[in-house]
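Right, one structure below, let's go through it.
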Amino acid sequence: TVADTTAPTVASYVPGLGSTGQAATVNIVLTFSENVQAGSGNIVLSPATGSPVTIAAGDGQVGYSSTAVTIDPTSDLSTAGMQYTVTMAAGVITDSSAEAAAYAGLSGTTYQFTVADTTAPTVASYVPGLGASAVTASANIVLTFSENVQAGSGNIVLTPATGSAVSIAAGDGQVGYSTTAVTIDPTSDLSTAGMQYTVTMAAGVITDSSAEAAAYAGLSGTTYQFTVADTTAPTVASYVPGLGSTGQAATVNIVLTFSENVQAGSGNIVLSPATGSPVTIAAGDGQVGYSSTAVTIDPTSDLSTAGMQY
């Protein structure tokens, strides 16, 4: 019998050279030009980041069946869109002849494939923060994710506590994408009236930037809310007694009804008669009552009964 000095070569690779979208549970199958067997040394699966997986040629994770070598790692590969490089030295696999002619091995980037990214992105931080208050009306909303993201399909919805919701398509110019950050910059500023906003979006409105476009689960309910600072000053909607009114009783209470709910600030309310001494009442004094939009001023002493203008 003539010695077998012809080294085996790989006829086919599964997954294929440079293939993408592979399942994390995929087995690696190398089909050779002749029957093969375990040699000595290791088969190494190196992810683009992280620790390599080293499997001895004779380990139970490697099966030999005539021309096929099946590598079935005990643990699944990464699901985060990871690229793997398969390497082995010469002699790790040999042909099955008595001479055990050595397969030349795999080196460099000859055999690489990429696992499908099935890990959905999650939000790592919110600006404004969850439940934040006193947010400026011109503030941008910035969501920072656990991985690079891109526009999916559907709308981001900003819903005020009262009034109409603002719907912005994921791919609209009001939404910017920069690696892991999504910046929402509405064309019109938010309400300045101390309004609470709720941010919602369906699953898939934002996805990761992999070929598989794994969908962000979205925001629902009251998960993300914040309140805009109230910079709109209250105004008086009505006066009792009316402006310039006459013939008022000396016991009359003064009632100012405002455009929004009010409270005591600091300083004084002053009732000045045409002649005589003014009546000065601190805003927080018991002579001043606050009930939602109404402020009632009830001086301890009645006003002058002498037809006095105040």
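Hydrogens, waters and symmetry mates are skipped; everything else that's a heavy atom, side chains included, is used.
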Which pair of heavy atoms, one from P186 and one from L158, lies closest together, and at what distance?
CG-CD1, 3.7 Å
Give the other cluster members for V240, using side-chain heavy-atom distances under 4.5 Å between Ile, Leu, Val, Met, Phe, Trp and Tyr residues; answer none if it is isolated.
V255
Quick check: is V44 connected to Y84 through a chain of hydrophobic side chains (ILVMFWY, heavy atoms under 4.5 Å apart)?
no
Could you pull out every donor-acceptor pair under 3.5 Å between side chains of residues 87-96 and any protein atom, sequence neighbours left out?
from: T94; atom 1: OG1; to: Q37; atom 2: NE2; distance (Å): 3.2
from: D95; atom 1: OD1; to: S97; atom 2: N; distance (Å): 3.2
from: D95; atom 1: OD1; to: S97; atom 2: OG; distance (Å): 2.7
from: D95; atom 1: OD1; to: A101; atom 2: N; distance (Å): 2.8

Donor-acceptor contacts, no H, no angles, side chain residues 220-228, under 3.5 Å, sequence neighbours left out:
from: T223; atom 1: OG1; to: S220; atom 2: O; distance (Å): 3.0
from: Y224; atom 1: OH; to: P128; atom 2: O; distance (Å): 2.5
from: Q225; atom 1: NE2; to: T198; atom 2: OG1; distance (Å): 2.8

Checking T74 now: which residues fulfil side-chain hydrogen bond (donor to acceptor under 3.5 Å, both in side chains) with it, not counting sequence neighbours?
Q61
What are the two closest heavy atoms between S304 and A250, and how far apart are they?
O-CB, 4.1 Å
What are the two closest heavy atoms between L219 and V199, and how far apart are they?
CB-O, 3.6 Å
Test of understanding: with side-chain contact (heavy atoms from CB on, under 4.5 Å), list the residues that count as partners of S238, not counting sequence neighbours.
T257
If you measure from CD on E260 to CG on D230, what distance do you get to the nearest 0.5 Å?
5.0 Å
At what distance, to the nearest 0.5 angstrom, does OG of S138 lie from CG of D185?
9.0 Å
Heavy-atom nearest pair, A120 first then A215, reads CB-O, 3.1 Å
If you group Ile, Leu, Val, Met, Phe, Trp and Tyr by side-chain heavy-atom gaps below 4.5 Å, do I156 and V142 land in one group?
no
Minimum side-chain heavy-atom gap M195-T162 below 4.5 Å
yes
Do you know the tightest heavy-atom contact between A264 and A283?
CB-O, 3.7 Å
Can you name the closest pair of heavy atoms from S259 and P234 and give their distance?
OG-CA, 3.6 Å
Residues that, via side-chain heavy atoms closer than 4.5 angstrom, fall in one hydrophobic cluster with I254:
V236, Y239, L243, V252, L256, F258, V262, I269, L271, V279, I281, V288, Y290, V295, I297, L303, M308, Y310
